[in-house]
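All figures in this text were calculated on a predicted structure; none of them were measured in a lab. Scope of the values below: all heavy atoms of this structure, side chains included, with no hydrogens, waters or symmetry mates.
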Amino acid sequence: NNNNNQNPLPRPSKVTLVLRTFGTDLPRVAQCISEFAKGNHPSYPNYYNEDLILEERDLLCSSWTMMATTSTTTATTRRTKTMTTHDDNDNENNNQDDSNDDEKKEWIYELHPSSSGRIISGDENVLDYLQSKTIVGIQDCYPFWRDRKWAPWAGKPVWARSVVGGVEGSDGRSSSSISSSSSTAATITRRHNHHHILLDDNIHNDPNDGAGGIRIPIMGVGDDGSSATTTEEGSSASSYEALHGKEALEMHGKHLIRVPTIRPLLEDDWFVRQIEDARKRVFDEETGGRYEKVIE
C-alpha cells in the first residue's frame, strides 16, 4: 500500500516475540525457530540470528493463583492443581466453578519455567520478564480457560498500556519513555511501555468467548510507586485488571487480531501488515488522529 510506505511509523527500538499456545507443541515450535535462527533452514543457509534462538529456560507454563483478601490480611492461595498444572485429567473436581464469581476474584497470572528457576508472579514481574527478552515461549493454562467457559479474561493475557477513559501519550516509539494520563491529566510514567499484540485464530467478536483477555493498568497503582497489594513473594498483585464487555471488544485491531488460518500462508507479509496496522491504530489514538487506517 502506497500510504503505508509514505507514512511508516518509526521502527520499535525493541521487539519481543512471544510464542503463545494452549497445546503441547511449544518445544517443537521452539526447536524449529531455533534451527532456522542458526542457519539450518535449507532455503536460508546464510541466516543467523542469536536473538531468535530459544533455550530450555525460555519456555514457560502459565498458571492462575487466587488472591484471597480480608480486611486485615492478604494471602496467596493455590486452590487446586488445576491452577498450576496443564494435565487435562486433573480438573474433574473444578468444573463446577462459577465463571461470573471468578471474574470478581483477584487472580494472579504466573509463569513457571520448564526447567528449574523461580516462579514469575504478578503482572508487573511478568511484564518485566517479557520486556527483558527477545523471544520466549508460553504454554498457557487450557484447563483454567476451559473450566471458565472460554471467557477471554481466563485465556491468554494481553497487557494494554493505556487506561479506560485515559489517553496514552506517545512519541511514536514502543519502548522508551511513554507517559499515561487520565481524563484529569494526572500523568503516570510507566516502565512497561511495550505495545502488546496477540495474533490468534480463536479471537471472536464476542466479549464472553475468546482466547485473548485484555488487562489494563489501574491508575495510581504500581508503576508510579504508589501502594499495591502484594503476595508473600512480594510481587505486585493489583496494578492491572481484566477488561470486559464492549471496552474489551474495542481493543480488537489494536491488541487482539484474529488470524484467518489460511490467509497468512497465501500472503507472506500478512502478519507484518497486521502488526503495522495495529501500531498505526494505537499511535493514531494516542496522538489525536495523525494517522489513518492504511490496511484493509
Side-chain angles (χ1 to χ4, degrees), residues 1-21 123 126-127 130-131 133-136 138 140 152-153 155-176 178-180 190 192-207 210-217 240 242-296:
N1 186 298
N2 291 332
N3 288 335
N4 196 25
N5 294 329
Q6 292 173 2
N7 299 310
L9 288 178
R11 291 180 63 86
S13 57
K14 187 175 188 299
V15 175
T16 302
L17 176 61
V18 185
L19 310 176
R20 305 288 291 269
T21 182
D123 296 295
V126 169
L127 288 171
L130 295 179
Q131 201 156 299
K133 305 291 288 184
T134 54
I135 187 169
V136 65
I138 299 174
D140 279 290
W153 72 267
K156 304 171 184 178
V158 182
W159 291 267
R161 66 186 184 221
S162 60
V163 296
V164 175
V167 178
E168 190 79 22
S170 175
D171 59 1
R173 294 175 292 174
S174 296
S175 57
S176 57
I178 297 177
S179 63
S180 172
R190 294 192 174 274
H192 299 133
N193 48 37
H194 278 198
H195 175 190
H196 290 249
I197 304 170
L198 175 67
L199 300 108
D200 197 290
D201 61 356
N202 206 337
I203 292 173
H204 311 294
N205 191 31
D206 182 344
I214 298 293
R215 295 183 64 78
I216 59 171
Y240 283 74
L243 192 63
H244 301 285
K246 180 181 177 181
E247 291 173 335
L249 293 181
E250 290 175 353
M251 294 295 187
H252 286 218
K254 294 182 288 186
H255 294 281
L256 299 173
I257 297 175
R258 185 183 68 84
V259 179
T261 307
I262 301 300
R263 192 166 176 183
L265 299 177
L266 302 176
E267 303 172 25
D268 57 9
D269 65 342
W270 189 88
F271 283 115
V272 173
R273 288 189 287 114
Q274 300 308 309
I275 291 169
E276 286 305 298
D277 184 30
R279 293 182 65 219
K280 287 181 180 292
R281 285 171 179 255
V282 170
F283 191 80
D284 180 66
E285 189 174 81
E286 294 173 350
T287 57
R290 283 163 45 190
Y291 276 89
E292 297 179 351
K293 183 175 183 294
V294 298
I295 297 177
E296 297 298 336

- Task: Would you please name every residue forming a side-chain hydrogen bond (donor to acceptor under 3.5 Å, both in side chains) with R258, sequence neighbours left out?
- Result: none

- Message: Please give me the minimum heavy-atom distance between H255 and I214, naming the atom from each residue.
- Response: CB-CD1, 3.6 Å

- Non-hydrogen side-chain atoms of L130 and I138 separated by less than 4.5 Å: yes

- Item | Closest contact, heavy atoms only, P157 versus D140 | CD-OD1, 4.0 Å

- Query: Can you find a heavy atom in the side chain of I203 that is under 4.5 Å from one in the side chain of P152?
  - Reply: no

- Task: Identify the two heavy atoms, one from K14 and one from T16, that lie closest to each other, and give their separation to 0.1 Å.
- Result: NZ-OG1, 3.4 Å

- Note on the structure: Across all chains, not counting sequence neighbours, the side chain to side chain contact (heavy atoms under 4.5 Å, CB included) partners of P207 are L249

- Task: Would you give the length of the straight line joining atom NE2 of H194 to atom CD of Q131, rounded to the nearest 0.5 angstrom?
- Result: 3.5 Å

- Any side-chain heavy atom of R279 sitting closer than 4.5 Å to one from P12? yes

- Message: For D269, give me all partners under side-chain hydrogen bond (donor to acceptor under 3.5 Å, both in side chains), at least two apart in sequence or on another chain.
- Response: R273

- Note on the structure: Taken to the nearest 0.5 Å, the spacing of R281 CZ from H195 NE2 works out to 10.5 Å

- Item | For T134, all residues meeting side-chain hydrogen bond (donor to acceptor under 3.5 Å, both in side chains), sequence neighbours excluded | none

- Message: Return the CD1 to CZ distance between I197 and F271, rounded to the nearest 0.5 Å.
- Response: 12.0 Å

- Mind checking side chain to side chain contact (heavy atoms under 4.5 Å, CB included) for A211 and listing every partner two or more places apart, or none if nothing turns up? F22, W145, D200, N202

- Query: Taking all non-hydrogen atoms of both residues, which atom of W270 and which atom of V259 are closest, and how far apart?
  - Reply: CH2-CA, 3.9 Å

- Note on the structure: When rounded to the nearest 0.5 Å, the distance separating CD1 of I262 from CG of D201 is 10.5 Å

- Rounded to the nearest 0.5 Å, what separation is found between the CG atom of L127 and the OH atom of Y240? 5.0 Å

- Applying side chain to side chain contact (heavy atoms under 4.5 Å, CB included), name anything that partners D206, two or more places apart in sequence or on another chain. H204, N208, D209

- Query: Which value, rounded to the nearest 0.5 Å, describes the distance between W153 atom CH2 and R215 atom CZ?
  - Reply: 9.5 Å

- Less than 4.5 Å apart, any side-chain heavy atom of L19 and any of L17? yes

